[in-house]
There are 2 protein chains.
Amino acid sequence: MREAEPTRPAEPRRGRPPKGRVVLTRKLIVTEAMAMAEDRGLDSVSMRGLARQLGVDAMSLYNHVDGRETLLDAITEFVLAGMELPPTTRQFRNDVYAIAQAFRAAAVRYPRCAPLVLTRQLGSFVALAPVEAVLTILRDAGFPPQRAVHALRSVLAYVIGALLRELSAGPTFSGDNLGGVEKRLSELEASELPHVVEAAPFLAVCHHDDEFRFGLDLMITALEAQFQPR
Amino acid sequence: MREAEPTRPAEPRRGRPPKGRVVLTRKLIVTEAMAMAEDRGLDSVSMRGLARQLGVDAMSLYNHVDGRETLLDAITEFVLAGMELPPTTRQFRNDVYAIAQAFRAAAVRYPRCAPLVLTRQLGSFVALAPVEAVLTILRDAGFPPQRAVHALRSVLAYVIGALLRELSAGPTFSGDNLGGVEKRLSELEASELPHVVEAAPFLAVCHHDDEFRFGLDLMITALEAQFQPR
DNA sequence: ACCTGAACACCGTTCAAGT
DNA sequence: ACCTGAACACCGTTCAAGT
C-alpha cells in the first residue's frame, strides 16, 4: 500500500518517510491524513504535520481543503463510504444483523479514524444511504414510518456506543491481552464491591465481537416482539 | 451561581470576567475549567486560557494538576460523581430504567462536559459504583455473572450512544427548533431516497427524551424476555 | 511549598506576494 | 491556478529562578 523511499536521508519524525515532491490533490491529502491518523493517532494529524509528511508547505493544503475541521469531515465521509450495504434477504433478523455488522466492518477497517464517524454528524448524502437501507428493512417488516425512525435511532445508538467502546479501548482490553488483564482484575477485586468482585473475571476482559452480537441480538429481539416477523 | 465583578475594566476575552487574585486549589481549577467548558465549549479550555480566567500564571496550574489530559479526567470524574444512584425497588424494569435515567441526568447537567464521560474510560472508583448498582439489579433478577456483564455492557452501549447524539447535537436538532427543522426537512426530501423522504418529518426532528425512553424500553424488554421478571 | 518568567517546540489560519 | 514566506495569535510543558 505504501512504499519506502530509500533515497532520502534518515528522518527525525516518527512514522513513514514523507512523500517526495508530489502533485497535491484533495484526495491525496485526505488519504495521507488517514494514513497518518492510523499510525500515529488522530491528534497527530495537524495541518503542518500533514504538509510536512507530504513534502509540501502547510499553506498549500488550503488550496484543496477548507481547514482542519473540514479535513476531518472528509475523513469521516471516506470511512463511511467504505460501508458495503448488504443485499436484503427480507428476513428481519438477518437484515438488521447484516447491516449493523457492515457498519461495524467499515469502522473497524480504520480503527483510529472511525471515532470520527461515531461522533460527528455529517449531513452529507453518504450518511443517508445506510439510513435508507435500515428504513427499508423496518418498513418491510411492518413498522410505520415514525416507529421505524425510533427503531433506527435505537439500533444506531447501540451500535455507536458499542463501537465507541471497541475502538477507543484500543488493542488493550481485548481478550488476548497479557499483563493488562491481571492488573484490571486485581483493581476490580480491590474495589470490594460485592458484585463487581464476583463478576471481575468477566469485567476484566472484553471480546468485542461477542459483546457486539449480544446487544445487537437484544435489540433485534425486542423489535421482533413489537411486530411479528414473517 | 457566579457573580460579576464590576470593579474590573472591560475585558477583551469572551465569557465571564476573570477571577481576581485567588488561592489556587485543585478543586477551584477543576470547577473553573468546567464553567469555562460549559459556556465556551471544551475546546476552549486550554491551560493558558484557564489560567488567564483565574487571574494566574499558566504554569501555576501545574502545581495542582498534572496537565491538560488529567484535568479533563478530573472533569470526567466530577460529572460522573454527580450521578445519584436511585434506590432499588426490586422491580427489574423500574430499576434499570431509573438508573439509566440517573446516568442521563448526571450527563445532561453538564451538557458540554458530558461527552468526556461518554468517551473516556476512567479506571477510577467513581466509575465502579454505578457498575455495582447495575450488576446488583441484574443479579437480583436472576442473571448469572457473565450474562449480567453482557447485559450491563449492552445497556451501557445504548445509553452512551443515545447520549452522545443528544449532547453533541446541541441545542439544534431538538423539536422546538425553528428554522433548522425546515432546512433539514428539505435536505432529506432532496435525497429522493424513498423511505428517507417518506420518514423525513420524523427524521428532521428529535425529541431526545422520547427517543431515549424508546430504545431503553427495547433493551429492558429484551432482557426481561431472557429471564422471567418477578 | 507555591508561584512565575523565559524558553522550546509546536499549533491553525490569513494575507500578500510570487510563479 | 496553485504555491509559499512571513506573520499573527495562539497552544502544552519544562526548567530554573524567585518568594
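Everything numeric in this text was worked out from a predicted model, so none of it was measured. Chain letters run A, B, ... following the sequence lines, proteins first, then strands; residues in each count from 1.
Side chain of A:N63, nearest nucleotide from D:dC2, C:dG5, C:dA7: D:dC2. The side chain of A:R48 approaches C:dC11 more closely than any other nucleotide in the set C:dT4, D:dG12, C:dC11. Nearest nucleotide to the A:D57 side chain, out of D:dG12, D:dT4, D:dC3: D:dT4. Listed candidates were D:dC3, D:dG12, C:dC11. Nearest to the side chain of A:R52 is C:dC11.
For the pair B:D43 CG and C:dC11 C1', the computed distance is 13 Å after rounding to whole Å. In this entry the distance linking CE of A:M59 with P of C:dG12 reads 9 Å, nearest Å. For A:L42 and C:dG12, the CG to P distance is 13 Å, given to the nearest whole Å. Atom C1' of nucleotide C:dC11 and atom CZ of A:R68 are separated by 9 Å, given to the nearest angstrom. The separation between B:L50 atom CG and D:dC10 atom P is 16 Å, rounded to whole Å. Note: CG (A:L54) to C1' (D:dT4) measures 15 Å, nearest angstrom. Across the protein-nucleic acid pair, B:E69 atom CD and D:dT13 atom P stand 8 Å apart, rounded to whole Å. In this structure, the OH atom of A:Y62 is 15 Å from the P atom of D:dT4, given to the nearest Å.
The pair B:E69-B:R120 counts as a salt bridge, with a side-chain nitrogen and a carboxylate oxygen less than 4.0 angstrom apart. In this structure, B:R112 does not pair ionically with B:D43, as no charged nitrogen and carboxylate oxygen lie closer than 4.0 Å.
Between A:S60 and the phosphate of D:dT4, there is a side-chain N or O to OP1/OP2 separation shorter than 4.0 Å. Within the 4.0 Å cut-off from OP1 or OP2 of C:dC3, at least one side-chain nitrogen or oxygen of B:H64 is found.
Summarising the base pairing, D:dA7 is matched to C:dT13 through a Watson-Crick or G-U wobble pair whose two defining distances lie under 3.5 Å. Pairing partner, C:dC2: D:dG18, with both Watson-Crick or wobble hydrogen-bond distances short of 3.5 Å.
Across all strands, B:S46 comes closer than 4.0 Å only to sugar-phosphate atoms, never to a base (heavy-atom distances). Counting any heavy atom pair closer than 4.0 Å across all strands shown, B:M47 reaches sugar-phosphate atoms only and no base atom.
Side-chain atoms of A:R165 never come within 3.5 Å of backbone atoms of A:H208 as a donor-acceptor pair (strictly under, hydrogens ignored). Proximity of a side-chain donor or acceptor of B:S191 to a complementary backbone N or O of B:L193 within less than 3.5 Å is detected.
A 4.5 Å side-chain heavy-atom check between B:Y62 and B:M47 finds at least one atom pair inside the cut-off.
Straight-line distance between the C1' atoms of D:dC10 and C:dA9: roughly 13 Å, to the nearest whole Å.
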